[in-house]
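A short write-up of the structure that comes next.
Throughout, a chain's letter reflects where its sequence line sits, starting with A, and its residues are numbered from 1. What you are looking at is a predicted structure, and each value in this text was computed from that prediction instead of being measured.
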Amino acid sequence: MRSNFQKKVFNVVKKIPEGKVLSYKKVAELAGLPLSWRAVGNILNKNEDKRIPCHRVVRADRKIGGYNKGERIKTYLLKKEGIIFKNGKITSRFTK
DNA sequence: GACCTGACTCAAC
DNA sequence: AGTTGAGCCAGGT
């Protein structure tokens, strides 16, 4: 279901540049619904959006979070973009 | 209404 | 000090 909320979230995530990583909460804020960050996790994790770098969205505590295709792929893609992972935790500058 | 996911807080090791 | 788990809350599908 493409709700207005999803549309906003997708739009924000699509704008995330390579090597940049945001938290689900931050995405919700940029989408204009700072209180709906929980929903952001649901949408990004369940929907496989090829054009949506949902792998660049991680948890605010710097952990991977979830991924439709697998957490391993998510970590791999992020590392390729310059994001360093340590024990499943991100060690890079990202807008919390 | 149920289930799922993430953020925040606190406690314990 | 750093890591981990559990519980609580909010919203969407």
Side-chain touch A/F5/A/I43, heavy atoms, less than 4.5 angstrom: yes

Spacing of A/N42 atom CG relative to C/dC9 atom C1', expressed in whole Å: 14 Å

Any residue meeting salt bridge (charged side-chain N to carboxylate O under 4.0 Å, His left out) with A/E81, in chain and number order, not counting sequence neighbours: A/R56

From C/dT13, B/dT5, B/dG6, nucleotide with atom closest to A/R59 side chain: B/dG6

A/Q6 side-chain N/O to C/dT13 phosphate OP1/OP2 under 4.0 Å: yes

Protein-nucleotide distance (A/L44, atom CG; C/dT13, atom P), rounded to Å: 11 Å

d(CZ, A/F10; P, C/dG12) in whole Å: 15 Å

Qualifying residue, where the test is side-chain contact (heavy atoms from CB on, under 4.5 Å) with A/V40 and the options are A/L22, A/L30, A/V27, A/L33: A/V27

Nucleotide C/dG12, atom P - distance to NZ of A/K8 in whole Å: 10 Å

Shortest non-hydrogen contact from A/Y24 toward A/R59: CE1-N, 3.7 Å

Most 5' of A/V40 and A/W37 on DNA chain C, judged by nearest nucleotide: A/W37

side-chain N/O A/S3 vs C/dT13 OP1/OP2, d < 4.0 Å: yes

Protein-nucleotides 2-4 of chain C N/O pairs under 3.5 Å:
residue: C/dT4; atom: OP2; partner: A/K89; partner atom: NZ; Å: 3.0

Euclidean distance, atom CG of residue A/N47 to atom C1' of B/dG6 [Å, nearest integer]: 16 Å

Side chain to side chain, A/K74 and A/V58, heavy atoms closer than 4.5 Å: yes

Closest contact, heavy atoms only, A/F85 versus A/K79: CD1-CG, 3.9 Å

Close approaches to DNA chain C from residues 19-36 of chain A, in residue order (heavy atom, under 4.0 Å): A/L35, A/S36

Pairwise side-chain contact, A/I84 with A/I90, heavy-atom cut-off 4.5 Å (strictly under): no

Any A/N47 side-chain heavy atom under 4.5 Å of A/Q6 side chain: yes

Any A/I83 side-chain heavy atom under 4.5 Å of A/F94 side chain: no

Interatomic distance where CZ belongs to A/R62 and C1' belongs to B/dG6 [whole Å]: 17 Å

Nearest-angstrom distance from the residue atom CG of A/D61 to C1' of C/dG5: 12 Å

Nucleotide C/dG11, atom C1' - distance to CG of A/N4 in whole Å: 15 Å

